[in-house]
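Have a look at the structure below before the remarks.
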Amino acid sequence: MIGLLKKTAIATLLLALPGSGVWAQDVTLNLHQLLPIQATIPANAIQPWIEKVETESGGRIKIEHFPSMQLGGTPPELYDQAADGVADIIWTVIGYTPGRFPKTEAFELPFMVGGSTGSSKAFHEYVLANGMDEFSDTHPIVFHTHGSGWIHSTKNVTTLEDVAGQKLRGPTRVTAQLLDKLGATPVGMPVPAVPEAMSKGVIDGAIIPWEVTLPLKMSELAKFHSGFVSKPGLYTATFVMTMNKDSYAALPDDLKAVIDANSGPEVSALFGAAMDAADVIGRKVATDAGNAITELDSEKDRWMAVGAQVTADWIAEMDAQGLDGAALVQSATDFIATNAD
């Protein structure tokens, strides 16, 4: 019996040694992101993605999901956490690091996108074609957008003029430029900070898609919701789920293949579909609450004229950086047209 125990202990030790068996290839990765686990993307996109990767790896990959910045830091620091190895995988809003990924901003321009499913696939294809150099310090898995953003405010917006003077949260520097040209006072902050800022009167409202109103309980904070039903919508924000390069490189080839099979434009479309489905729910919650919902499509041309000024300024800014701004806008437009919802 003692001899058998010794042999078992030796076998167990050998299995645990590098290169000596399947145990040595098992890996646990952490995934860090800013939203509560109940929010749309964490619950309906990231968590199913995790489960699919774990299943397709035969249980050899385990991914621990850390929502709500549980590993520390702030949302704008998430991308660097992946680059530096603080986290193995992160999901974040690209625009939280203003100016760092200028090519991606073409999708944030006013009246560029419609629904999230097609736009997410289009965005991933656009980055593959134009912007992978901006993400060379990580291993990107998914690029996606949200659906068309709306104005959610304590003050009603029924015309373009009603925006003037409102303090509105915008997610990115491009949307801040749009708000400024519309006459609002843009206020930048990560989306989890919006409810407290609303309750304290720091801001009058925020521009976000319907799905984001759900975890923020925006229908309780803002009684007025204004936007465009026809596509394209007012704006979108862009997102990335990306992996530390060393964490990816350390995987054996067959486990790299599992990650690769769960990356790319088709996966991005699934993330977008989760956004689109939740947009429907978010609007219904506001409707059921008796809130005022104003569709601004009858004066859309006026809003788009302001948006065109933002786009022209952005093109000039990209040109000044040595990038072909007009070509990037055309590329984004073409990919969106190809993947129209």
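Just so it is clear, the values below take in all heavy atoms, side chains as well, and ignore hydrogens, waters and symmetry mates.
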Student check: side-chain heavy atoms of [X] and [Y] closer than 4.5 Å:
| X | Y | answer |
| --- | --- | --- |
| F143 | I94 | yes |
| K217 | P195 | no |
| M198 | L216 | no |

Using atom types as modelled and distance alone, determine if a side-chain donor or acceptor of [X] lies under 3.5 Å from a backbone N or O of [Y].
| X | Y | value |
| --- | --- | --- |
| Y126 | K103 | yes |
| N156 | F224 | no |
| D137 | A83 | no |
| Q321 | L323 | no |
| K155 | D162 | no |
| T338 | D334 | yes |
| S120 | T145 | yes |
| N291 | A222 | yes |
| S268 | K121 | no |

Does any donor atom in the side chain of [X] or [Y] lie under 3.5 Å from an acceptor atom in the other side chain?
| X | Y | result |
| --- | --- | --- |
| Q166 | S153 | yes |
| Q81 | H32 | yes |
| H124 | E266 | no |
| D313 | Q177 | no |
| T40 | N44 | no |
| H146 | S116 | no |
| T138 | Y79 | yes |

Decide whether [X] and [Y] are clustered together by the hydrophobic rule: side chain heavy atoms of Ile, Leu, Val, Met, Phe, Trp, Tyr closer than 4.5 Å, transitively.
| X | Y | result |
| --- | --- | --- |
| V157 | V187 | yes |
| L328 | L128 | yes |
| W210 | V194 | no |
| I63 | V86 | no |
| V202 | I207 | yes |

So F111 and F228, would you call those rings parallel, tilted or perpendicular, with 30° and 60° as cut-offs?
-> perpendicular

Kindly assign one of parallel, tilted or perpendicular to the pair W91 and F239, based on the angle between their ring planes and the thresholds 30° and 60°.
-> parallel

Qualifying ring-ring contact (aromatic ring centres under 6.0 Å, His included) pairs with a residue from residues 240-294, counting only residues at least two apart or across chains = H139-Y248, H144-F271

Could [X] and [Y] be called an ion pair, given the rule that one side-chain N must be under 4.0 Å from one carboxylate O?
| X | Y | value |
| --- | --- | --- |
| K231 | D276 | no |
| D260 | K256 | no |
| R169 | E196 | no |

Atom [atom1] of [X] and atom [atom2] of [Y]: how far apart are they, to the nearest 0.5 Å?
| X | Y | atom1 | atom2 | answer |
| --- | --- | --- | --- | --- |
| H152 | T213 | NE2 | OG1 | 6.0 Å |
| L168 | T185 | CG | OG1 | 8.0 Å |
| R283 | L214 | CZ | CG | 13.5 Å |
| W303 | L296 | CH2 | CG | 5.5 Å |
| W49 | L31 | CH2 | CG | 6.5 Å |
| T92 | L34 | OG1 | CG | 5.5 Å |

Which residue in the set [options] passes side chain to side chain contact (heavy atoms under 4.5 Å, CB included) when paired with [X]?
| X | options | answer |
| --- | --- | --- |
| I90 | I141, L78, N244 | L78 |
| S247 | D88, V27, I259 | D88 |
| I151 | V163, I208, T294, D204 | V163 |

Qualifying residue, where the test is side chain to side chain donor-acceptor pair (under 3.5 Å) with W314 and the options are E105, Q309, E108 = E105

Looking only at heavy atoms, what is the nearest atom pair of [X] and [Y], with distance?
| X | Y | answer |
| --- | --- | --- |
| M218 | A206 | CE-CB, 3.9 Å |
| A106 | M112 | O-CE, 3.4 Å |
| S219 | V285 | OG-CG1, 3.5 Å |
| I61 | E54 | O-CG, 3.2 Å |
| Y235 | P171 | CE1-CG, 3.7 Å |
| K181 | V306 | CB-CG1, 3.7 Å |

